[in-house]
Amino acid sequence: MNELRIRAGHRAGFLLGALLPAAALQAQQDPSCVAPFSPTTNRADEPMRPLWGGETRHVFSLQIAGVEHTWVVGDGGFVRHRVGTGAFEIQGTPLDARFSLHDVFFLPDGTKGWATGNGGRILETNDRGATWTLLPPTLPGCFGKPATIWRVRFLDAMHGFVCGLQMFCVTTDGGHTWSPVSLANGSAPTMEFYSLEVLGTVNDFVAVAAGQTWGGHCSSGNPGPAAIFRLGGSGTAAVLGSWATASVNLPPNVDMCEDPWDIEFEPSPASIHAATGWLCGGTGTAAGMILRSNDSGANWNFEYGGAVNPGFNTCYGIGVRNATEAVAVGYGGVVQWRDAVGIWRPRKFKDPQGINFTGPLSDATWTDGPSPTCVITGSWGFLRQRSDFTSSTPPAGTWNDLQTASALSNPSQDRYFDVAFRDDLNGFLVGQNGDIVATADGGCSLAPVTFVAGSTPPTATLVGVDYSNGKRFAIAVGTNGGHHNVAYNDNANVPNSHWTRYSGTDLPSSASFVDVDFLTGQVAWALGTQAANNQGNSHLMARTETGGVKWDAFQPAFDSKFTATGFVGIGANEGIVVGSIGTPAVPAAYEVLLLATGVSVQPIACPPGLTGKLNDVAGRGDSLALCDVLAVGGVSDDLTGQGYVLRYVPGSSTTSSMFVIDGLPAAIEFTTVAMAGGGFTLVGMRQRASVRFASSFGQVLVRSNGVNPTWSFARSRTNKPMRAIHVASNLRAWLLAKGDGEDITGEFGTVNDSTLLLWDPQ
């Protein structure tokens, strides 16, 4: 009989989008970092490819006939797989599986497996993941909404368990129907179950799960105590039996850890009833708590972390090599290695350049082979491995990148807020801490720009960047940094070295900008306020005819309760500003026209009865009398929000509701030059509902701009909220996800990452 060794891990995810065949890629001059997929994994129906970013969550490895198979799941519904030490290839999941995946599990023969996460749905495969299908039921969680499912485990093809936010269910028919499990203390309805592990088969099994009582996620109240549950026996009756509370032995004045994120037992134990395993989790005074069991989860003893060992941060995942050695990972890039003599030792996570990683790490697992290797997943799309856990002295080595389907050569740990490209390869991103970075390979790698002698970079957050139509000039603007939050590039042909921070006196010293848009030549507009916020009677519009060197500042007569969010320029002297008025917000827009002595503004009537705000606007044309302008907005509400696309009607000072959607559109842009078929429009979606519900994270709305335009949803392969879009003239576009500060505190701590996606439908 072939040796079978099963290992599993836990937490954080992002996998990278489907590409075209190599010949097509070469013909389109794709960035060098975007490696072609093999024909078996090419997904021609998914032209949106993340270049970097996101999260990789759970990693699972299984040795079959002496060959290691490893699966990783994560952000945007990705599952990827590798054989041995080969390359990871993305497996084909259904197009409607857009939700993030938190877990993946296979039976010992490696043929049948399951993956699950947000959206209350479970994916099933019968061919080692070559194809995946969605099982029919949508499992409910809070308020009857689709559940967040953290774990899936099966004993055989028919008997299995899933657990998550206010749900813990069992199936005896392969996942086609589910029923709630029975807990001895009756606490299932108010608990969130984070971790689950099984040993054995339905004829002789042990199962262990851990969760915490939660009020705040689904109702009012504060977190309650965590608990560990255990079930064992043989046959269907035992599988449907009542889960008993396991015993936990803690030191004095140490409470059971909150958020028990992960459980894992040693692979191939001599007895499934006497296996060694660890549980990790914790926040607050119990941060980084690790418990150990020597009897397959019946009794647990405190081993490390919490108040006894301060400084070890929240632990999200644990990988077990054998009955002695394990690796725990968590928030702040923390890595703890339990060596062969039972001592937990720090192993700081460093990238290949030797730089400490401070983001959340999500999961760890050990693979077999000539040199046993620990594989770790985490935020910013990290998928790394290391095999030098051999000395009691921390080695100087670093974690190595695993070969992935799309390279992650330079993921950033900062947030980016806007993106602009001058051609297929060259562009800028701007963001946190005044960052301006340039790319010469389509966004695959980024390099900080340098400023001309005597000019220092901005230090405030930059939220907007745009190229001139002639592609020579670029301007970046930011918020809450005074007029020094403006920078310009006067020679985009040499993008890395021609940046200058504005230091003149033409702009108010307290200017704060939210958007910038080039109109033609060196003419550009910036939109913002004269104060440190973007609301009230201090609106500001600034115009430059010198590519950002000199500016004219105007105070438009917007409504005093108007909050501006976006601007699009039309022709050389006109444009439209969008935003919202009042609290609760209602959508609002204004025409803007340059006069000899200032600017004139005219309100644009939105459809009656609409609520919410307009988040972005895009347009093309030579004048407001002859233009095509679309604005997107909606209501952000956990349960009932909706979004819409509005179209401006030239000459009538009104807009008309064009498309209503279940989601909150955050960004819009479309092709601005004439081309075959009329080009396309892209709308990036922000979430409608809470992060713990199935939501519209990462969805993209696409419209053909032909004679009969139609709207459809495209799969973006990320579950991150969209922030910005830039469309190139050859129908290629880049979408920037996350990065706007909302929902940066997720399941795994503060996640400040951004995700850059390349849209290429050719």
Side-chain angles (χ1 to χ4, degrees), residues 410 412-422 426-439 443 446-468 472-492 494-518 522 524-534 538-544 546-553 564-567 723-724 726 736 738-741 744 752-754 756:
N410 192 3
S412 172
Q413 295 183 37
D414 283 338
R415 286 175 283 171
Y416 293 110
F417 298 145
D418 202 10
V419 56
F421 276 79
R422 65 186 296 261
N426 296 281
F428 296 114
L429 284 86
V430 299
Q432 197 175 19
N433 302 318
D435 282 355
I436 305 176
V437 293
T439 179
L446 308 174
V449 303
T450 57
F451 280 67
V452 300
S455 181
T456 58
T459 56
T461 296
L462 298 175
V463 297
V465 62
D466 198 24
Y467 270 109
S468 64
R472 179 181 175 186
F473 298 89
I475 293 177
V477 300
T479 61
N480 303 335
H483 62 285
H484 293 307
N485 60 9
V486 176
Y488 58 90
N489 177 285
D490 62 0
N491 189 354
V494 190
N496 284 339
S497 59
H498 276 252
W499 281 90
T500 303
R501 187 175 77 171
Y502 171 79
S503 58
T505 59
D506 305 320
L507 297 175
S509 60
S510 60
S512 180
F513 295 104
V514 296
D515 200 8
V516 61
D517 191 30
F518 263 104
Q522 299 181 51
W525 286 87
L527 171 69
T529 66
Q530 299 185 68
N533 57 61
N534 186 34
S538 59
H539 300 98
L540 176 68
M541 295 199 73
R543 188 175 188 272
T544 178
T546 58
V549 178
K550 295 182 178 181
W551 293 83
D552 293 311
T565 56
F567 169 80
R723 166 70 186 186
H726 181 87
L736 188 62
K738 200 74 172 178
D740 58 356
I744 60 173
N752 291 335
D753 62 325
S754 299
L756 185 67

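Keep in mind that the numbers below use all heavy atoms, side chains included, and drop hydrogens, waters and symmetry copies.
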Q: Ignoring hydrogens and geometry, is there a side-chain-to-backbone donor-acceptor pair from Ser455 to Arg501 under 3.5 Å?
A: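 Flag set: sc Ser455 to bb Arg501 pair under 3.5 Å.
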Q: I need the Met541 CE to Leu527 CG distance, nearest 0.5 Å.
A: 5.5 Å
Q: Does the Asp515 side chain pair with the main chain of Phe567, one donor and one acceptor, at a distance under 3.5 Å?
A: yes
Q: Ignoring hydrogens, what is the shortest heavy-atom contact between Ala487 and Phe451? Give both atom names and the distance.
A: CB-CE2, 4.1 Å
Q: Say whether, by atom type as modelled, one donor and one acceptor occur between the side chain of His539 and the main chain of Gly528 under 3.5 angstrom.
A: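 Not a single qualifying donor-acceptor pair exists.
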Q: Rounded to the nearest 0.5 Å, what separation is found between the NE2 atom of His726 and the CG atom of Asp418?
A: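 Rounded to the nearest 0.5 Å, the NE2-CG separation comes to 9.5 Å.
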Q: For the residue pair Val430 and Ala476, what are the closest heavy atoms and their distance?
A: CG1-CB, 3.9 Å
Q: Is any side-chain heavy atom of Phe513 closer than 4.5 Å to a side-chain heavy atom of Val463?
A: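 Side chain of Phe513 against side chain of Val463, heavy atoms only: no contact under 4.5 Å found.
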Q: Please report the closest heavy-atom contact between Ala511 and Asn485, naming both atoms and the distance.
A: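 It is O-ND2, 3.4 Å.
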Q: Roughly how far, to the nearest 0.5 Å, is OG1 of Thr459 from CG of Leu462?
A: 9.0 Å
Q: Any heavy-atom pair between the side chains of Asp490 and Phe473 that's under 4.5 Å?
A: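 A side-chain contact under 4.5 Å exists here.
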Q: Could you pull out the closest heavy-atom pair between His484 and Pro458, with the gap in Å?
A: O-CB, 3.7 Å
Q: Looking at Asp466 and Phe518, what are the two nearest heavy atoms and their distance?
A: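 Smallest interatomic distance, heavy atoms only, reads OD2-N, 2.8 Å.
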Q: Looking at CD of Gln530 and CG of Leu540, how far apart are the two atoms once the value is rounded to the nearest 0.5 Å?
A: 5.0 Å
Q: What I'd like to find out is whether the side chain of Tyr467 reaches to under 4.5 Å of the side chain of Asn489, using heavy atoms alone.
A: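 They are not in side-chain contact.
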Q: Of Tyr488, Trp525, Trp551, which is the lone residue that meets side chain to side chain contact (heavy atoms under 4.5 Å, CB included) with Thr544?
A: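 Among Tyr488, Trp525, Trp551, the one that satisfies the side chain to side chain contact (heavy atoms under 4.5 Å, CB included) with Thr544 is Trp551.
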Q: Hey, can you tell me if Trp499 and Phe428 have their rings parallel, tilted or perpendicular (30° and 60° cut-offs)?
A: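 Ring orientation, 0 to 90° scale: perpendicular.
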Q: Determine, stepwise, if the pair Val477 / Ile475 fulfils side-chain contact (heavy atoms from CB on, under 4.5 Å).
A: CA-CA 7 Å; Val477 300; Ile475 293 177; 4.1 Å; yes
Q: Minimum heavy-atom separation for Leu507 and Ala542, please, with both atom names.
A: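 So the two residues come closest at CD2-CB, 3.6 Å.
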Q: So do Leu446 and Tyr416 actually touch side chain to side chain, heavy atoms under 4.5 Å?
A: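 Answer yes - side chains close enough.
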Q: Taking side chain to side chain contact (heavy atoms under 4.5 Å, CB included) as the criterion, tell me which of Ser510, Ser512, Pro508 meets it with Thr529.
A: Ser512
